[in-house]
Amino acid sequence: MTPLHLRRAAVAVSAAALLPLALTACSSDSKDASSGSTASAAKTSPSAAVSESMDMNEPFGPACSSVPKDGAGSFAGMAKDPVATAASHNPALSTLVTAVKKAGLVDTLNNAQNVTVFAPTNDAFAKIPQADLDKLLADKEQLTKVLTYHVVGQKLAPRQLDKGSFATLAKSELTTSGSDMAYTVNDTSKVVCGNVPTANATVYIVDTVLMPPQ
């Protein structure tokens, strides 16, 4: 074999020895890239983003846009006051505030700790025939029963409303259902602005008055 042939054979052997190492390195780089892509996708997953947002105690719902941006009636202002006082600063809850005063529940609600209030809007009360509403407002015992049925003795996060049953201060239970920040109470009353913080309560503003079971 000539010297030229010997050199060519040596080069061929070296290349054959290095090829598996090169393939192994490429395979490792591919796995690392795939792993990085998977991790990046997990970080930007829509469901993860929604879950993170809901854990941040931010109000949600179509009616939240009507809440004042500043002042005592804003989200920041309501967070500083106990729940009955906070509600009094929201014009959309004026009928509820009147009912709470007639039932003598202002101090009860303001002094309660870590509760959830499902607060009917003025439009919710307007769904009740006027004669029936006037009768309810004049009957302190029945009014108290109805209003305390809207209060749960614990703070509820949005994720707890997906499919829940909760004891109220009226000694009877209400149910919740839904997902992705769209919730219904007792299958009839929709949450229109939820997860509103006050100094002692979490408020879910609803579009229909809840009636306790007879």
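Excluded from the calculations below are hydrogen atoms, water molecules and symmetry mates; all remaining heavy atoms, backbone and side chain alike, are included. This one's a predicted model, so the numbers in the text were calculated from it and none came from an experiment. Position 1 is the first residue of the sequence, and the numbers go up from there.
Side-chain atoms of Tyr183 come within 3.5 Å of backbone N or O of Pro158 as a donor-acceptor pair. Distance alone, capped at 3.5 Å, places no donor-acceptor pair between the Asp123 side chain and the Asp207 backbone. With Ser172 contributing its side chain and Pro212 its backbone, the two residues share no donor-acceptor pair below 3.5 Å. Under the 3.5 Å distance criterion, the side-chain polar atoms of Asp81 are left unmatched by any main-chain donor or acceptor of Asn110. Tyr149 contributes no side-chain N or O that, together with a main-chain N or O of Lys171, makes up a donor-acceptor pair within less than 3.5 Å. In this structure a side-chain-to-backbone donor-acceptor pair under 3.5 Å is present from Ser189 to Thr208.
Between Ser177 and Asp187, the shortest heavy-atom distance links the atoms OG-OD1, 4.1 Å. Listed here is the closest heavy atom pair of Ala199 and Pro82: CB-N, 3.8 Å. Residues Pro213 and Lys145 approach most closely at O-NZ, 4.0 Å, considering heavy atoms. Minimum heavy-atom separation, Ala119 to Leu96: CB-CD2, 3.6 Å. Considering every non-hydrogen atom in both Thr202 and Asn195, the closest pair reads CG2-OD1, 3.8 Å. For the residue pair Thr198 and Ala86, the shortest heavy atom distance occurs at CG2-CB, 3.8 Å.
Between Thr176 atom OG1 and Tyr204 atom OH the span is 9.0 Å, to the nearest 0.5 Å. Thr116 contributes atom OG1, which lies 6.5 Å from atom CD of Gln154 (distance to the nearest 0.5 angstrom). Rounding to the nearest 0.5 Å places NZ of Lys155 at 8.5 Å from CD of Gln113. Here the CG atom belonging to Leu169 is positioned 11.0 Å from the CG atom belonging to Leu147, to the nearest 0.5 angstrom. Between the CG atom of Leu174 and the CG atom of Asn186 there is a distance of 5.5 Å, given to the nearest 0.5 Å. Considering OG1 of Thr188 and NZ of Lys127, their distance stands at 8.0 Å, rounded to 0.5 Å.
By the 6.0 Å contact criterion, NZ on Lys102 is open, its count of non-hydrogen atoms from other residues, nucleotides or ligands being 12 or less. Open room surrounds NZ on Lys190; 12 or fewer heavy atoms of other groups in view lie less than 6.0 Å from it. Atom CG of Asp132 has more than 12 neighbouring heavy atoms from other residues, nucleotides or ligands inside a 6.0 Å radius. For Lys80, the NZ atom sits in a loose shell: 12 or fewer heavy atoms of surrounding residues, nucleotides or ligands are nearer than 6.0 Å.
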* To do: Walk me through it: do Val151 and Thr168 pass the test side chain to side chain contact (heavy atoms under 4.5 Å, CB included)?
  => CA-CA 5 Å; Val151 184; Thr168 69; 5.9 Å; no
* Ile128 and Lys135: CA distance, side-chain angles, deciding distance, side chain to side chain contact (heavy atoms under 4.5 Å, CB included) verdict -> CA-CA 11 Å; Ile128 302 174; Lys135 182 179 179 180; over 6 Å; no
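Screening Val83, Thr85, Asn200 against Leu109 for a side chain to side chain contact (heavy atoms under 4.5 Å, CB included) leaves a single residue, Val83.
Linking ILVMFWY side-chain heavy atoms closer than 4.5 Å, directly or via other members, places Phe166 and Val206 in a single hydrophobic cluster.
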